[in-house]
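Keep in mind that this is a model prediction, so the values were computed, not measured. When reading the values below, keep in mind they use all heavy atoms of this one structure, side chains included, and skip hydrogens, waters and symmetry mates. Nothing fancy with the numbering, it's 1 onward along the sequence.
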Amino acid sequence: MSLPIFHMIQGAPDPVAPFSHAVEADGWVFVTGQMPFTGVSNASPYPEGIEAQTCQVMENLKRVLAGCGLGLEHVAAARVFLAHFDEDYERMNAVYATYFAPGKRPARTCFGVTALARGARVEIDLIARRARRSGAAGRAARTAWRRGARSPRRAPAAGRPRRPGRSRR
């Protein structure tokens with residue numbers, strides 16, 4: 001397993017607590033729950049009503065995903081948190097459904113909670129998966145990524161015998 005990559009995305013709302021916008025490990029991208037901030041400041045106002053807040057949360061999630069080189073089509077799972085579950089569930093679903101193609105919607109769980117940060121009505125987090133390329137192109141891309149993300153290969157120590165069956169490069 002490779003070490004996690006911690007993403008802080010330029011243009012996404014500032015976190016309300018000490019966390020990254022997303023954390024990536026082995027092609028999985030875990031996107032922190034987004035609030036309905038209308039700007040990058042976590043003190044910016046929320047829009048009025050559950051429909052507008054759901055739309056703003058989804059736009060903020062799209063911004064974080066784009067900063068990781070992904071889109072909603074890469075999302076495998078979502079969790080929705082509603083502060084006013086009975087009142088907002090149907091209207092939130094009507095907006096949420098417009099962001100995913102029928103038949104290509106992520107797995108999802110929806111929770112009713114007692115409160116959300118700064119009085120928000122909705123918060124949504126996501127789990128996305130970076131597409132893997134197959135064949136030679138995929139191996140080349142993964143190798144290039146690994147070399148860029150890690151320290152360069154070390155040359156064998158002088159006088160150290162190579163293991164049998166290994167070719168010299």
Side-chain angles (χ1 to χ4, degrees), residues 1-2 4-135 137-138 141-142 145 149:
M1 182 172 120
S2 60
I5 301 168
F6 301 91
H7 296 280
M8 290 303 293
I9 307 303
Q10 188 79 1
D14 295 333
V16 297
F19 52 76
S20 299
H21 286 120
V23 176
E24 184 171 350
D26 294 326
W28 291 99
V29 180
F30 303 89
V31 179
T32 297
Q34 290 297 301
M35 309 302 291
F37 295 118
T38 56
V40 293
S41 168
N42 62 28
S44 62
Y46 296 148
E48 290 293 320
I50 189 61
E51 294 92 346
Q53 285 196 21
T54 302
C55 185
Q56 187 62 54
V57 165
M58 294 303 295
E59 293 302 317
N60 292 345
L61 288 165
K62 285 173 50 180
R63 190 171 292 117
V64 172
L65 285 168
C68 297
L70 301 170
L72 289 173
E73 68 275 11
H74 296 98
V75 175
R79 292 187 302 179
V80 179
F81 304 88
L82 293 172
H84 304 279
F85 191 89
D86 291 336
E87 184 181 340
D88 292 343
Y89 183 73
E90 295 297 327
R91 293 181 298 151
M92 178 280 301
N93 274 323
V95 174
Y96 176 91
T98 66
Y99 284 87
F100 298 99
K104 294 192 177 194
R105 293 182 173 144
R108 191 187 91 178
T109 303
C110 188
F111 302 92
V113 297
T114 58
L116 292 168
R118 309 253 164 84
R121 296 183 77 94
V122 61
E123 179 176 350
I124 302 173
D125 68 16
L126 303 173
I127 299 172
R129 178 77 168 148
R130 191 172 297 285
R132 293 189 66 152
R133 294 184 223 157
S134 61
R142 286 189 295 279
W145 180 84

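Between the side chain of D125 and the main chain of T32, no donor-acceptor pair closer than 3.5 Å is present. Judged by distance alone, the side chain of T54 and the main-chain N or O of M92 form no donor-acceptor pair under 3.5 Å.
Across all their heavy atoms, G49 and R121 have their closest contact at C-CD, 4.4 Å. Summarising the geometry of G11 relative to V40, their closest heavy-atom pair is O-CG1, 3.3 Å, with the distance given to 0.1 Å. Residues Y46 and A117 approach most closely at OH-O, 2.9 Å, considering heavy atoms. Residue G39 comes nearest to S44 through the heavy atom pair N-OG, 3.2 Å, listed as atom of the first residue, atom of the second, then distance. Taking both residues in full, the closest heavy atoms of M35 and A120 are given as CE-CB, 3.3 Å, listed atom of the first, atom of the second, then distance. Residue A12 comes nearest to V64 through the heavy atom pair CB-CG2, 3.8 Å, listed as atom of the first residue, atom of the second, then distance.
With rounding to the nearest 0.5 Å, the separation of NE2 in H21 from CZ in R63 is 10.0 Å. Taking CG of D14 as the start and CD1 of I9 as the end, the distance is 12.5 Å to the nearest 0.5 Å. Taken to the nearest 0.5 Å, the CD atom of Q56 stands 10.0 Å off from the CD atom of Q34.
Using a 4.5 Å heavy-atom threshold, the side chains of C110 and L82 count as touching. In this structure, the side chains of L70 and V29 come closer than 4.5 Å at one or more pairs of heavy atoms. Side-chain contact check for P36 versus N60: every heavy-atom pair is 4.5 Å or farther apart. A heavy-atom distance below 4.5 Å is not found between the side chains of S20 and H7. Side chains of Y99 and C55 form a contact here, defined as non-hydrogen atoms less than 4.5 Å apart. Contact check for L65 versus L126: side-chain heavy atoms found under the 4.5 Å cut-off. Contact check for L61 versus V31: side-chain heavy atoms found under the 4.5 Å cut-off. Between C68 and H74, the closest side-chain pair of non-hydrogen atoms is not below 4.5 Å.
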Check the pair V16, F37 against side-chain contact (heavy atoms from CB on, under 4.5 Å), reporting the backbone distance first and the verdict last.
CA-CA 11 Å; V16 297; F37 295 118; 3.5 Å; yes

Test salt bridge (Lys or Arg N to Asp or Glu O under 4.0 Å) on E123 and R79; report intermediate values, then the result.
CA-CA 8 Å; E123 179 176 350; R79 292 187 302 179; over 6 Å; no

Show the numbers, then the answer: is there a side-chain hydrogen bond (donor to acceptor under 3.5 Å, both in side chains) between D26 and S2?
CA-CA 6 Å; D26 294 326; S2 60; 3.1 Å; yes

>> Would E24 and F30 count as a side-chain contact (heavy atoms from CB on, under 4.5 Å) here? Give the steps.
In response: CA-CA 6 Å; E24 184 171 350; F30 303 89; over 6 Å; no

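Within the structure, salt bridge (Lys or Arg N to Asp or Glu O under 4.0 Å) pairs that include any residue of residues 51-60 comprise E51-R91, E59-K62 (at least two apart or interchain).
A cation-pi arrangement, defined by a distance under 6.0 Å to the six-membered ring centre and an angle within 45 degrees of its axis, is absent between R105 and Y96.
Checking each of I124, T98, V122, V95 against M58 for a side-chain contact (heavy atoms from CB on, under 4.5 Å) leaves exactly one that passes, namely I124.
In this structure, F81 and F111 have parallel ring planes: the angle between them is below the 30° cut-off, well short of the 60° mark.
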